[in-house]
Amino acid sequence: MVIAEEKFPRFTPDEYLRWEEQQAEKYEYIDGQIYAMGGGNKNHSLIAVRLSSLFFNHLDGSGCETGNSDLKIKIPNSHNYTYPDISVTCDERDQSTTQFITYPCLVVEVLSKSTEAYDRGGKFRLYRQNPVLKDYLLVSSTAIEMDLYHKNKSGEWLITNYQAGDMVTLESIGLTFSIEQAYQGLRFL
């Protein structure tokens, strides 16, 4: 993500939503500022497609929706909007919206060198404002490794690191899968 303050005026949330609909690129909106979203590399894309497909197939017919990096999330009780790589919502309140969702139970970010610090820090702080979010999965694009932040029943966020040979469990959508499913056939340089 790259800030583009010098190119854009400060927008109200409504102005941002109208403006972004007219743009060819995607932009996150955080505290009145516009941030251009950069593209990922081949591994980033392939991992996101594999996980999206896995989630979609698992949830087919459940009423839950799996979104890709084109689906914007509105952060509850704020005027901030982000674009995760993958999101899943099972919340009926998201069924009536067309521009964004607000209540995902699962958010996935495929990490890159340029976004990893933000995904682990500032972006996660934004996502934690969501009372419905249960799982925040950070997926490496340079090694077979995932970090899962899971909110337990006490509201505490616990982290589990998964590596090659592990089974990943996402309680938010009732799915356990082999970590290798996300990385099948990929080469790490």
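Just so it is clear, the model here is predicted, and its values are computed rather than measured.
By the 6.0 Å and 45° rule, K26 stacks over the aromatic ring of Y83. Both tests pass for R128 against the ring of F124: distance under 6.0 Å to the centre and angle within 45° of the axis.
Atom CD of Q23 is surrounded by more than 12 heavy atoms from other residues, nucleotides or ligands within 6.0 Å. Around atom CG of D70, more than 12 heavy atoms belonging to other residues, nucleotides or ligands sit under 6.0 Å away. No more than 12 heavy-atom neighbours from other residues, nucleotides or ligands sit within 6.0 angstrom of NE2 on H79. No more than 12 heavy-atom neighbours from other residues, nucleotides or ligands sit within 6.0 angstrom of CZ on F56. For K134, the NZ atom is loosely surrounded, since the number of other residues' heavy atoms within 6.0 Å does not exceed 12.
Counting heavy atoms from C-beta on, the side chains of I34 and W19 come closer than 4.5 Å.
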What's the verdict on side chain to side chain contact (heavy atoms under 4.5 Å, CB included) for Y162 and T169, showing C-alpha distance, side-chain angles and the deciding distance?
-> CA-CA 10 Å; Y162 294 102; T169 299; 4.3 Å; yes
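Cysteines C64 and C90 have SG atoms closer than 2.5 angstrom.
Under the 4.0 Å criterion applied to side-chain N and carboxylate O atoms, E109 and R120 are not assigned as salt-bridge partners.
Closest approach of I173 and H58 over heavy atoms only: O-NE2, 2.8 Å. Here the closest heavy-atom approach between residue Y16 and residue Y27 is recorded as OH-O, 2.5 Å. Of all heavy-atom pairs spanning P76 and Y103, the tightest one is CG-CE2, 4.5 Å.
By the rule that hydrophobic residues join a cluster once side-chain heavy atoms approach within less than 4.5 Å of another member, L158 and V132 end up as members of separate clusters. Residues F55 and I47 share a hydrophobic cluster, clusters being chains of Ile/Leu/Val/Met/Phe/Trp/Tyr side chains in contact below 4.5 Å.
When ring centroids are compared, F100 and Y81 come within the 6.0 Å threshold.
Judged as a side-chain hydrogen bond (donor to acceptor under 3.5 Å, both in side chains), and not counting sequence neighbours, T160 has no contacts. Qualifying side chain to side chain contact (heavy atoms under 4.5 Å, CB included) partners for N161, counting only residues two or more places apart in sequence or in other chains: E145, D147, Q163.
Under a 3.5 Å cut-off, the side chain of R10 and the backbone N or O of D31 do form a donor-acceptor pair. Between the side chain of D135 and the backbone N or O of L106, no donor-acceptor pair lies under 3.5 Å.
Here the CZ atom belonging to R93 is positioned 8.5 Å from the OG1 atom belonging to T102, to the nearest 0.5 angstrom.
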